[in-house]
Amino acid sequence: MEQLYQPEIVERDAQQYWDEHRCFEVTEDTSKEKFYCLSMLPYPSGRLHMGHVRNYTIGDVISRFQRMQGKNVLQPMGWDAFGLPAENAAIKHKVHPAKWTYANIEEMRSQLKRMGYAYDWSREVTTCKPEYYRWEQWLFTRLMRKGLAYRANGIVNWDPVDQTVLANEQVIDGKGWRSGAPIERREMPQWFLKITEYADELLDWLDKLDDWPESVKTMQRNWIGRSEGIDIEFPVAGHDALRVFTTRPDTLFGVTYMAVAPEHPLAAGVARNNPGIAAFIDECRKVQASEAALETLEKKGMPIGVNAQHPLTGEDIPIWVANFVVMSYGTGAVMAVPGHDERDWEFATKYGLPIVQVIEPLDDATVDLSQDAFVAYGRLINSGEYDGMSYEEAFDALAAYFEAQGTGQRRVNYRLRDWLVSRQRFWGCPVPAIYDNDGEPEPVPDDQLPVVLPENVEVTGGASPLIDAPEFQNATDPDTGAPVRRESDTFDTFMESSWYYARYTSPGADAMLDERARYWLPVDQYVGGIEHAILHLIYARFYYKLLRDEGLVDSDEPFIRLLCQGMVIGETYYREDDKGHKTYYNPADVELERDAGGRIVGARLISDGQPVTPGPIEKMSKSKNNGIDPEALLSRYGADTVRLFVVSDVPPDQALEWSEEGVEGMFRFLKRLWRLVRECVERGEPAELDLSALTPQQKALRRTTHKTIAKVTDDITRRYAYNTAIAAVRELLNAVAKFNDDSALGRAVVREALRSSVLMLTPVVPHVCHSLWYALGGDNAVVDESWPVFDADAIESDSVEIVVQVNGKLRSRIQVAADADRDAMEEAALGDENVQRFIEGAAIRKVIVVPGKLVNLVV
RNA sequence: GCGAAAGUGGCGGAAUUGGUAGACGCGCAGGAUUUAGGUUCCUGUGGGGUAAUCCCGUGAGAGUUCGAGUCUCUCCUUUCGCACCA
């Protein structure tokens, strides 16, 4: 065994062993329980960042731990390779997006390999390869035939100067990122997937995802935004009836005005002959362009001079056009009940519209509608024959009435919209559709798939080059042989990331998935960033149901357990010039000054020794220059130290603060571990572990060993608490370091403690444990070893320390027999010297005894 | 505005079911080793107090309890998500 811990040698050896023995390549083995552990695949942006390292280390710890539990563990990796940054790089460096992407993948794959992650690289997926996306196209053509994929008008960001559609992130302050021209919202034909068809299922299954974070489920519920209500028609003389959606039909008698969105057809119709209304609508449109203004927008409206008729009372109700009504939700028109809706109240108060009470509280509390709207459910009043009804009774009665009249119906409304999947971009999966002469889209037949993205085009940043590529655009009709035009749109990249986890199970299959998918799916553990809580995780769940309904998988949800890891954050340092412009400095180039108590009192740039100002601790980013390159750490400390750091400090779902000293501490720990093992080995071979001959000290160390095994196992399996698991192992090693017993039997107890520690640390720091395990006499490579077995007998003890409280305050700790009963514990407590000082002269009123733990004397 | 999570030493955090507050580590201080720095090792480290298993102490205030960091209520602060949702 080497004298000192040398990570570069240790890590090279371990990785070589894993490669040569193909340790992480798995097949479908029905004799073992399978475990599919998945980390979100990266976008190949160029280099690994600390966020990746944290994500993938957590996944790797779980995978390696499950493997030690005897499971058949699949842990794959791939590349989310389509997307805008590749196009941007292509424009900037005049290289094809494919070339840039593949070069980045090479670089990042080698970085991942240096981290020692236990991936089955034989299943690697690269989403920009035709062999991958052809199956996405294949499924899409099926969805077209089922009517689940359709073409309709959608709103896009249109750059009038570059004559192109922009992605949201290319619109900065309402202007095009390259042209600087104000961006228009333009309606154009787009492709959609009917996710709303699955809205109820997506919502209902959330309740069954017990091992998902509550926060993610809440976000998804809000995003789906299911609400039950009634569509009601209000007749309008000389116009089509005005249809509104309401969740509060019980307040129908309180309607005092109607409000429609500026884009509503009724408003648009009136505006043709009314310049005032037209001007107002125009004003609303301008404001909408700037998203920021929307937040603080004042509620504004104008009466359009047309009345609707109340469907029950026949009264005239004025119709207003109002900026707070949005066209994309419900019907784009609302019935306003200022007495029982906060927003309607605010608007009515501003414009002097009448406010009527039609609901009274169930508890007969007083209601003052001049102060505030009363929004709670209650009992109907001033509502004719419906008076006295509850919310539910009124809902049912009114729904039945309008359904019988044919002027309304119950409806479930969703916030969720159908998924707009087409993009007018080049670097994406081509939408597999062709247009015949009448412009109707048709699916590309199976034998003509994949529709391959051409490589001989130039990406300029203007319109997609697919539009001007005749060899791509010109296709023939499969039935008639007539020339047809090919769709030039590509898919949203969320399409590829919605099913990659399924493709990993069927590498090389000449189908989207094959029977192997049924063995591996669903994913047992998914690990990724919280930023994907809504979009990616809803789309992937939706897509899985599409796969299920196509007969490709036989379960309902793709991810059983979900872990969302927190951000990696770091200190920021800057200097500000006269104009208030801040220049940020990387924390690696800054040195801190402390006072004698260890408090930080200043920070200086190492290069010039001049002070810099500490800013807030923020997510690592280019703009704040507080990112740490994992590569530099890898060469300095090795992969194990970096792996240890990212899981040791905080639980995985919390933000992890970068600290140079923290990394040093991890490196120090590994050096210390190495030394403890070396010293143990140098002391010579131990005796057989004869349990009947142990001294009390030896028993105590064994107890610590097995208590640690129990705790670490529980921390990892149940709590995801790697930080406390590692702390427990450190405590055990501290106990080993203090253990002064060089007898043969003492060495046996130490060796058991060290072997257990090495096994427990293997998932986190697999390289160093590979070496240490052999040093401690391991016959097999530690990667093939099982998790240490907890020995319940070892933790049994003759006596335990209990706590004695007087009036709930800690007064003493005493030793009692482990099996002491209540009376014995009470007696021992009363006999304690220090306890007596506090109960002297007082009467004991009550004694609370928690067996094996504490006695509380109430005086 | 709505929803969710959180607030504990100089710092990151631990305390899992209401039962020993501060595990583990960073930093700092003292000592040993070293020509020196670094490394490594040992000791100490919430505040107060000469000291004691003495007092105080988990954002603020109240409450429940023999006992509250943990439960309840009110308030303050921070972070995240959604945002005119009818």
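Values in this document were obtained by computation on a predicted structure and should not be read as measured data. Reminder, nothing fancy here: chain letters follow the sequence lines and each chain counts from 1.
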* Under the salt bridge (charged side-chain N to carboxylate O under 4.0 Å, His left out) criterion, do A:Arg343 and A:Glu346 qualify, and how do the steps go? -> CA-CA 5 Å; A:Arg343 192 199 45 211; A:Glu346 197 186 311; over 6 Å; no
* Sequence-aligned protein contact record of nucleotides 18-23 of chain B, with B where the base is within under 4.0 Å of a protein heavy atom and S where only the sugar-phosphate is -> -BB--B
* **Nucleic acid footprint by protein, nucleotides 68-73 of chain B - heavy-atom cut-off 4.0 Å, B for base, S for sugar-phosphate alone** => ------
When rounded to the nearest Å, what value does the distance between [atom1] atoms of [N] and [M] take?
N	M	atom1	value
B:U79	B:A29	P	33 Å
B:G13	B:C84	P	34 Å
B:A6	B:G18	P	15 Å
B:C80	B:U45	P	38 Å
B:G22	B:U33	P	34 Å
B:C41	B:G25	P	11 Å
B:G27	B:U39	P	9 Å
B:U64	B:C11	C1'	35 Å

Salt-bridge present ([X], [Y]; N to O < 4.0 Å):
X	Y	result
A:Arg678	A:Glu682	yes
A:Glu661	A:Arg668	no
A:Asp832	A:Arg813	no

Under 4.0 Å, counting only non-hydrogen atoms across every strand here, what does [X] touch: a base, just sugar-phosphate, or nothing?
X	value
A:Arg730	sugar-phosphate
A:Lys711	base
A:Tyr414	nothing
A:Ser659	nothing
A:Val334	base

* Asked: Looking at CG of A:Asn626 and CH2 of A:Trp658, how far apart are the two atoms once the value is rounded to the nearest 0.5 Å?
  -> 11.5 Å
* Would you please name every residue forming a ring-ring contact (aromatic ring centres under 6.0 Å, His included) with A:Tyr351, sequence neighbours left out? => A:Trp320, A:Phe347
* To do: Please list, chain by chain and in numerical order, all residues satisfying ring-ring contact (aromatic ring centres under 6.0 Å, His included) with A:Trp223, sequence neighbours excluded.
  => none
Taking only side-chain nitrogens and oxygens of [X], does any of them come within less than 4.0 Å of OP1 or OP2 of [N]?
X	N	answer
A:Asn834	B:A52	no
A:Lys809	B:C56	yes
A:Arg837	B:C54	yes
A:Arg226	B:C85	no
A:Arg594	B:C26	no

Whole-Å distance between [N] [atom2] and [X] [atom1]?
X	N	atom1	atom2	result
A:Leu673	B:G25	CG	P	13 Å
A:Ile569	B:U78	CD1	P	16 Å
A:Asn222	B:A4	CG	C1'	9 Å
A:Leu535	B:G81	CG	P	12 Å
A:Gln654	B:G13	CD	P	6 Å
A:Asp653	B:A14	CG	C1'	15 Å
A:Ile617	B:C26	CD1	C1'	14 Å
A:Ile802	B:G67	CD1	C1'	15 Å

Nucleotide nearest [X] (side chain, heavy atoms from C-beta), chosen from [options]:
X	options	answer
A:Asp714	B:U16, B:C84, B:C24	B:U16
A:Arg811	B:G25, B:G81, B:C55	B:C55
A:Thr246	B:U16, B:G3, B:A86	B:A86

* Structure fact -> By nearest-heavy-atom nucleotide on RNA chain B, the more 5' of A:Ser227 and A:Thr218 is A:Thr218
* Asked: Taking for each residue the nucleotide of RNA chain B bearing the nearest heavy atom, is the 5' side occupied by A:Gly662 or by A:Asp341?
  -> A:Gly662
* Could you write out RNA chain B as a dot-bracket string, with dots for unpaired bases, | for bases paired across to another strand, and Watson-Crick or G-U pairs counted at under 3.5 Å? -> (((((((..(((......[....)))((((((.......))))))(((.....)))..(((((..]....))))))))))))....
* To do: Please name the residue in the list A:Val647, A:Val650, A:Ile569 that meets the side-chain contact (heavy atoms from CB on, under 4.5 Å) test with A:Leu656.
  => A:Val650
Using only atom types and a distance under 3.5 Å, with no angle test, would you say the side chain of [X] pairs donor to acceptor with the backbone of [Y]?
X	Y	result
A:Asp640	A:Val768	yes
A:His340	A:Phe374	yes
A:His536	A:Glu531	no

* Count the heavy atoms belonging to other residues, nucleotides or ligands that lie under 6.0 Å from NZ of A:Lys350, then report whether that count exceeds 12. => yes
* **Atom CD of A:Glu827 with >12 non-hydrogen neighbours under 6.0 angstrom** => no
* Answer yes or no on whether A:Arg730 is positioned over the face of A:Phe669, meaning its NZ or CZ is under 6.0 Å from the six-membered ring centre and within 45° of the axis. => yes
* Asked: What about A:Lys299, does its side chain sit under 3.5 Å from the base of B:C84 through a donor-acceptor pair?
  -> yes
Polar pairs (N or O, both sides) under 3.5 Å between protein and nucleotides 37-44 of chain B?
{"from": "B:U40", "atom 1": "O3'", "to": "A:Arg675", "atom 2": "NH1", "distance (Å)": "3.3"}
{"from": "B:C41", "atom 1": "OP1", "to": "A:Arg675", "atom 2": "NH1", "distance (Å)": "3.0"}

So do the side chains of [X] and [Y] get within less than 4.5 Å of each other, counting heavy atoms only?
X	Y	result
A:Phe667	A:Leu633	no
A:Pro311	A:Thr407	no
A:Arg410	A:Phe395	yes

* Asked: Is B:G9 in the syn or the anti form, by the rule that syn lies within 90° of 0?
  -> syn
